[in-house]
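Data block below; observations after.
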Amino acid sequence: MLQEALREIQRGSAEIIDMPRVETLLKAYYNEGKTYTVKAGFDPTAPDLHLGHTVLLQKLATFQKYGARIQFLIGDFTAQIGDPTGKSATRKTLSQADIIENAKSYKEQVFKILDASKTDVVFNSEWINPLGASGMLTLTTTYNVARMLERDDFDKRYKSGVSISISEFIYPLLQGYDSVHLQSDIEIGGTDQKFNLLMGRYLQRAYEIGKEQSVLMMPILEGLDGVQKMSKSLGNYIGVADEANDMFGKVLSISDELMWRYYELLSTKSLDEIDVLKQGITDASLHPKSVKEDLAMEIVARFHSAEAAKAAKEEFDNVHAKSQIPTDIEEFECDGAVWIAKALVDCNIAPSTSQARRDIKQGAVKIDQEKISDEQLQLSKGEYILQVGKRKFAKLKVN
RNA sequence: GGUGAGAUAGUCAAGUGGCCAACGACGGCGGACUGUAAAUCCGCUCCCUACGGGUUCAGAGGUUCGACUCCUCUUCUCACCA
């Protein structure tokens, strides 16, 4: 039991600092029923989560399974500074109302994964504001500039002459102080957070609270392309709020190799179960596609429902395996005869008439399942199902 | 503060007076093959009801029949020096 717990906790992690202590905590849980705390910090600015964010949540859920109480920290105070990740420095400050609103949508999304009864949602302004100037000073005396400059991106920026504001130095200190206040036993975060995570450990020692948190770092999840990290701006993400059909399709579009990565980081299947799947593919008793479908079903079910997952799979089979038209297509209307290229643009399935013409020329455009080749085609009165490529559909009603 | 280099389409990167809507690579899109996988092959990749027209090469002027290419100023980036 303990061994299994340890394995699941280590699963997929990039690095764990002070694993022996994690072991001690778990032993205490199994032997004496003692719980422990695991902290993870989140930015209140972006409640728009994608699967990359859920890697961390998934790990927290694992901890919950093995006796942890989660400190879900919303960094409302630290958000005013902005983590110095090297990106363009200043970000706009959020109003109190915004933060509350964001926190609310966080909860909606997050508790699809986490057990709310074992989670405390906390805001760090709660204890940072009361610190006051003297508290802040005390905090800053615990560290020095030379060590602060050890942080990789500070080092690079300093050497290349890019400005670093003093407030950015404060950021890691505050994040570390959160761990002091919360008396966290373990903190988890992305690998890019290493410096800040270790700061928590260091400050707990400096403040002599009688423990030093262990740190568990999760790797950054690759996006659909399998190369770059999953991010909204790269467009290679699966959003937790994505439509069930979309989500299903996106998961199925990943490569076989990436599938295992997703299994490891996102699935709730145990490592043993996953090994069985891998074995099945090796000896050809399982088809990779069906294994991928299982993963897609699991993910869709998590954020929607089991029924939605089933429906998504059926829809997918219909559309792709049997190449039928999807059941749920966006509808448009227009008046009078319409030029086909214009119609494609109006229905948002082509970006410009130039592109639409090219698509037609290349045989990518279908009307009611029939491939067309005439760029000059005029659509007269009636209803049409327009299609560009394999994925873009629209229904157009010409009046 | 001084000196030098540079700013080209989604990104990187050619192009130094007409052959330039601009080589190439990547990405993206489409097609073939498939499992809407990967790999591979082929085509497309500024806009416009288009064998033609329009607007592009940091910005503003100028020289020229003609400029991404030359000149001036402006803004920004980078390197070296201080």
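Naming: A, B, ... by sequence-line order, numbering from 1 per chain.
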Side chain of [X], backbone of [Y]: donor and acceptor closer than 3.5 Å?
| X | Y | value |
| --- | --- | --- |
| A/Arg201 | A/Gln213 | yes |
| A/Asp242 | A/Gly239 | yes |
| A/Tyr263 | A/Val291 | yes |

Parallel, tilted or perpendicular: which one describes the rings of A/His50 and A/Tyr237, with boundaries at 30° and 60°?
tilted

Is any side-chain N or O of A/Thr353 closer than 4.0 Å to OP1 or OP2 of B/rC48?
yes

Is any side-chain N or O of A/Ser352 closer than 4.0 Å to OP1 or OP2 of B/rC48?
yes

Look at all strands and tell whether [X] reaches a base, only sugar-phosphate, or nothing, counting heavy atoms closer than 4.0 Å.
| X | answer |
| --- | --- |
| A/Lys292 | base |
| A/Glu375 | nothing |
| A/Leu258 | nothing |
| A/Gly249 | base |

Roughly, in whole Å, what's the span from [atom1] in [X] to [atom2] in [N]?
| X | N | atom1 | atom2 | result |
| --- | --- | --- | --- | --- |
| A/Met259 | B/rU36 | CE | P | 14 Å |
| A/Trp339 | B/rC48 | CH2 | P | 8 Å |
| A/Phe248 | B/rG35 | CZ | C1' | 12 Å |
| A/Ile360 | B/rU49 | CD1 | P | 12 Å |
| A/Leu224 | B/rG28 | CG | C1' | 14 Å |
| A/Arg357 | B/rG30 | CZ | C1' | 17 Å |
| A/Gln355 | B/rG10 | CD | P | 14 Å |

Look at the side chain of [X] and decide which nucleotide, out of [options], has an atom nearest to it.
| X | options | value |
| --- | --- | --- |
| A/Asp359 | B/rC29, B/rG35, B/rA50 | B/rC29 |
| A/Asp256 | B/rC29, B/rG35, B/rG30 | B/rG35 |
| A/His320 | B/rU49, B/rG30, B/rU36 | B/rU36 |
| A/Ser354 | B/rA38, B/rG35, B/rC48 | B/rC48 |
| A/Gln362 | B/rA37, B/rU49, B/rG30 | B/rG30 |
| A/Gln378 | B/rU45, B/rU49, B/rC29 | B/rU49 |
| A/Arg358 | B/rA37, B/rU45, B/rU49 | B/rU45 |

Membership question, hydrophobic clusters at under 4.5 Å side-chain separation (ILVMFWY): are A/Leu60 and A/Val215 in the same one?
no

Can A/Leu49 be reached from A/Val55 by stepping across I, L, V, M, F, W or Y side chains whose heavy atoms are under 4.5 Å apart?
yes

Among A/Gln279, A/Arg11, A/Glu264, which one satisfies side chain to side chain contact (heavy atoms under 4.5 Å, CB included) with A/Ile274?
A/Arg11

Whole-angstrom distance between [N] and [M], as gauged at atom [atom1]:
| N | M | atom1 | answer |
| --- | --- | --- | --- |
| B/rU3 | B/rC48 | P | 48 Å |
| B/rA9 | B/rC44 | C1' | 15 Å |
| B/rU69 | B/rA7 | P | 11 Å |

The correct set of residues in residues 390-399 of chain A placing a heavy atom under 4.0 Å from RNA chain B is A/Lys390, A/Arg391, A/Lys392

Who pairs with B/rU3 - Watson-Crick or G-U, where each distance is under 3.5 Å:
B/rA79

Complementary nucleotide of B/rU45, counting Watson-Crick and G-U pairs under 3.5 Å:
B/rG27

Along RNA chain B (nearest heavy atom to each residue), the more 5'-positioned of A/Leu252 and A/Val388
A/Val388

Verdict with supporting geometry, A/Tyr143 and A/Phe169, ring-ring contact (aromatic ring centres under 6.0 Å, His included):
CA-CA 10 Å; A/Tyr143 221 69; A/Phe169 275 180; 9.4 Å; no

Quick one, A/Asp115 with A/Gln64, criterion side chain to side chain donor-acceptor pair (under 3.5 Å). Give me CA distance, side-chain angles, the key distance, then yes/no.
CA-CA 7 Å; A/Asp115 179 346; A/Gln64 285 185 326; 5.6 Å; no

